[in-house]
Number of protein chains: 2
Amino acid sequence: MSFRINPNISVDCVVFGFDFRQLKVLLVERIFQSDYSLKPIFTDHTLIGNHIYEHEDLEEAARRILKDLTGIENIYLEQFIALAHPERLKKERDQIWLQHIGHNPHNRVITVGYFGLLDINAMEIRAGSRKVSWFPVNKLPALAFDHHDMLNHAVECLKTRMRVSTIAYTLLPKKFSLSQLQTLFEVIYGTNLDKRNFRKKMIRMKYLIPLNEKQSNVSHKPAQLYMFSREVYEITNRDLFENII
Amino acid sequence: MSFRINPNISVDCVVFGFDFRQLKVLLVERIFQSDYSLKPIFTDHTLIGNHIYEHEDLEEAARRILKDLTGIENIYLEQFIALAHPERLKKERDQIWLQHIGHNPHNRVITVGYFGLLDINAMEIRAGSRKVSWFPVNKLPALAFDHHDMLNHAVECLKTRMRVSTIAYTLLPKKFSLSQLQTLFEVIYGTNLDKRNFRKKMIRMKYLIPLNEKQSNVSHKPAQLYMFSREVYEITNRDLFENII
DNA sequence: ACAAAAGTGTTTACAGTACACCCATGC
DNA sequence: GCATGGGTGTACTGTAAACACTTTTGT
């Protein structure tokens with residue numbers, strides 16, 4: 001099996017997390033320092049991406065690259081777009097960077113975007129050679145290449161998918177309160193929801209299982225915890241979130 | 001400007017039409033005949049696709065290729081997937097074909113799928129060098145490459161999109177009856193809908209404008225015709241189809 | 001005792017569902 | 001005059017939306 005990289009195809013992962021306050025995204029720091037001095041010439045950020053190997057399929061590559069850069073495995077991943085504009089790598093600093101890391105800056109590269117969802121608290125980011133960290137989606141640093149476009153597409157895709165599937169739960173811990181679930185929707189759709197109506201609607205969903213457990217060490221009335229049961233979801237009528245917002 | 005083709009990136013258009021009975025898709029005939037005799041060795045079909053040019057963006061290429069093969073312009077097009085499995089062109093007849101048309105059959109090619117929607121009656125297919133024709137989506141001939149996968153993805157994507165946007169109207173003529181609209185939903189979702197309830201729900205939508213016009217030359221009571229107003233849709237509350245099905 | 005978030009119920013209006021018959025036209 | 005699809009109304013049930021106060025815990 002060859003491990004040659006394909007110079008024309010890359011993947012980028014837009015990995016989202018939710019810290020009960022904000023939607024966050026994982027970014028990799030990109031520091032370009034001249035070969036002669038260590039003074040950085042510029043610093044910005046990229047999504048979690050790289051070129052695929054010749055023997056890999058796209059999602060396989062996305063999972064490998066994510067694991068290599070962050071240690072993260074087995075998360076929800078879904079393809080959402082391919083970008084290939086001829087000028088997408090042609091900004092000056094991107095050209096310098098590509099040259100620096102030994103890529104041909106004139107290569108036409110298509111990139112395929114995957115969005116990933118995970119429970120931000122259960123994941124330890126195991127930093128490798130590059131610094132990877134969480135940024136609030138509405139307070140982003142400068143991004144390389146066309147990664148701002150990529151991210152905007154990912155957010156839109158996340159919004160649509162959350163209305164027609166149960167992926168919302170992959171952003172929460174196994175045990176969560178209804179308020180946390182509500183905040184998740186409020187943050188992603190930028191609205192405020194009525195607490196009583198939200199709870200009424202949610203409690204109807206049979207796959208939302210109340211646990212014999214409450215929050216602890218909170219300085220207010222501790223919340224009832226719930227879990228999502230995929231099993232129950234599969235065998236029941238799959239009520240969804242279409243009318244939540 | 002260079003017109004070199006990019007050997008690694010292709011696009012495929014899954015163009016849907018609705019003839020008031022079935023969902024149909026445009027396919028291109030692929031006839032391989034030996035260089036020495038004219039007897040065809042195999043015949044099958046492909047989606048409407050080709051490689052992009054080096055200077056083109058993806059959608060631009062999709063529109064060009066669609067126009068070249070069918071004469072069709074200015075239709076609704078939307079990207080829905082990228083496929084790049086290493087073995088996707090490795091079936092024997094595909095390899096033979098690639099060689100035949102002068103492509104390197106060992107090239108890794110990523111293809112980006114666009115689905116297109118149009119009013120089947122308003123479009124004249126201007127056949128070029130290749131034969132292009134409509135096939136019912138649930139009665140397909142053998143397809144080349146991974147085009148069956150592609151098409152399945154496109155159908156799923158169409159179903160999702162039809163629930164959260166107004167693209168359904170791009171499959172209908174400008175003037176249409178409520179029964180035609182209902183049949184469209186029934187065909188795509190494989191259900192039967194109650195006529196009275198469907199009409200009640202639809203007539204609520206302010207962007208569905210009744211015209212001073214009825215069907216003619218039909219051997220039954222002629223139907224009231226309606227049009228879709230994008231303008232009204234944009235300025236009103238954008239009620240949609242989420243609960244139609 | 002106070003701060004902080006959890007939790008709860010009722011009313012009203014609108015939308016969903018189920019269901020059967022008459023109507024206008026071409027032939 | 002008959003075949004074909006167009007067009008209509010009602011009763012019942014269920015969900016959406018608006019809205020304010022009490023409860024439980026930590027400090």
Side-chain angles (χ1 to χ4, degrees), chain A residues 18-22 163-164 172-173 175-187 189 191-227 236-245, chain B residues 18-22 163-164 172-173 175-187 189 191-227 236-245:
Chain A
F18 173 62
D19 64 359
F20 302 135
R21 276 163 224 275
Q22 294 178 290
R163 300 186 70 150
V164 296
L172 291 171
K175 303 169 182 181
F176 53 86
S177 71
L178 291 183
S179 299
Q180 290 167 343
L181 183 58
Q182 183 178 338
T183 307
L184 176 56
F185 279 98
E186 289 177 334
V187 163
Y189 293 103
T191 49
N192 288 310
L193 302 172
D194 180 271
K195 188 164 48 157
R196 280 178 285 192
N197 293 337
F198 180 82
R199 295 166 98 88
K200 239 184 297 172
K201 225 175 300 193
M202 279 301 158
I203 287 165
R204 278 208 308 270
M205 311 287 158
K206 306 234 172 64
Y207 52 73
L208 199 54
I209 318 273
L211 302 170
N212 287 324
E213 195 174 345
K214 301 195 167 191
Q215 283 180 323
S216 53
N217 295 318
V218 286
S219 72
H220 53 76
K221 180 168 174 179
Q224 167 73 49
L225 295 178
Y226 290 78
M227 62 170 278
T236 57
N237 58 356
R238 303 188 177 212
D239 275 326
L240 281 173
F241 303 134
E242 303 193 6
N243 300 310
I244 292 289
I245 307 145
Chain B
F18 173 64
D19 65 0
F20 303 134
R21 278 164 222 275
Q22 292 179 293
R163 299 185 72 150
V164 296
L172 291 171
K175 303 169 183 184
F176 53 87
S177 72
L178 291 182
S179 298
Q180 290 168 342
L181 182 59
Q182 182 178 341
T183 308
L184 176 55
F185 279 97
E186 289 177 336
V187 164
Y189 293 102
T191 49
N192 288 309
L193 302 172
D194 180 271
K195 188 164 47 157
R196 280 178 286 192
N197 294 338
F198 180 82
R199 297 165 97 87
K200 234 187 303 172
K201 224 175 304 194
M202 279 300 158
I203 287 164
R204 277 209 307 270
M205 311 287 159
K206 306 233 173 65
Y207 52 73
L208 201 54
I209 318 272
L211 302 170
N212 286 325
E213 196 174 342
K214 301 196 167 191
Q215 282 180 323
S216 53
N217 294 319
V218 286
S219 73
H220 52 75
K221 179 170 172 178
Q224 167 71 51
L225 296 178
Y226 290 78
M227 61 170 278
T236 57
N237 58 356
R238 304 185 173 213
D239 276 326
L240 283 172
F241 305 132
E242 303 192 6
N243 299 309
I244 292 288
I245 308 144

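In what follows, chains are A, B, ... by sequence order, proteins preceding strands, each numbered from 1.
A donor-acceptor contact under 3.5 angstrom links the side-chain atoms of B:Lys195 to the base of D:dG7. Contact annotation: side chain of B:Lys200 to base of D:dT10, donor-acceptor pair present below 3.5 Å.
Map A:Ser219 and B:Asn197 each onto its nearest nucleotide of DNA chain C; the residue landing nearer the 5' end is A:Ser219.
Remark: P of D:dG6 and CD of B:Gln215 are 7 Å apart, rounded to the nearest angstrom. Across the protein-nucleic acid pair, A:Ile203 atom CD1 and C:dT8 atom P stand 7 Å apart, rounded to whole Å. The nearest whole Å value for the distance from the NZ atom in A:Lys201 to the C1' atom in D:dA18 is 12 Å. If you take NZ of A:Lys221 and P of D:dT25, they are 8 Å apart, rounded to a whole angstrom. A:Met202 places its CE atom 17 Å from the C1' atom of C:dG7, with the value rounded to the nearest Å. The CD atom of B:Gln224 sits 15 Å away from the C1' atom of D:dG5 (whole-angstrom rounding). Note: NE2 (A:His220) to C1' (C:dA6) measures 8 Å, nearest angstrom. Computed from coordinates, the B:Phe198 CZ to C:dG16 P distance equals 12 Å when rounded to whole Å.
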Worksheet entry | Chi angles and distances behind the side chain to side chain contact (heavy atoms under 4.5 Å, CB included) call for B:Gln215, B:Leu225 | CA-CA 7 Å; B:Gln215 282 180 323; B:Leu225 296 178; 4.0 Å; yes

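Summarising the geometry of A:Leu193 relative to A:Gln182, their closest heavy-atom pair is O-NE2, 2.9 Å, with the distance given to 0.1 Å.
Going from atom CD of B:Glu186 over to atom OG of B:Ser179 covers 9.0 Å, rounded to the nearest 0.5 Å. Here the straight-line distance linking atom CZ of B:Phe18 with atom CG of B:Leu172 works out to 6.5 Å at 0.5 Å rounding. To the nearest 0.5 angstrom, B:Leu208 atom CG is 5.0 Å from B:Phe176 atom CZ.
The side-chain hydrogen bond (donor to acceptor under 3.5 Å, both in side chains) test with A:Asn197 is passed by exactly one of A:Lys195, A:Lys200, A:Lys201: A:Lys200.
Listed nucleotides D:dT25, C:dA24, C:dA6 differ in distance to B:Pro222; the shortest reach to its side chain belongs to C:dA24. Picking from C:dA6, C:dC19, C:dT17 the nucleotide with the shortest atom distance to the side chain of B:Arg196 gives C:dC19. Considering only side-chain atoms of A:Asp194, the nucleotide from D:dC19, C:dA24, D:dA17 that sits closest is D:dC19.
Side-chain contact between A:Phe185 and A:Met202 is present, with at least one heavy-atom pair separated by less than 4.5 Å.
The phosphate of D:dA16 (OP1 or OP2) has a side-chain N or O of A:Arg204 nearer than 4.0 angstrom. At D:dA16, none of the side-chain N or O atoms of A:Arg199 fall inside 4.0 Å of OP1 or OP2 (strictly under the cut-off).
Note that the two end axes of the helix from C:dA1-D:dT27 to C:dC27-D:dG1 enclose an angle of 10°, each drawn from 5 base pairs, rounded to 10 degrees.
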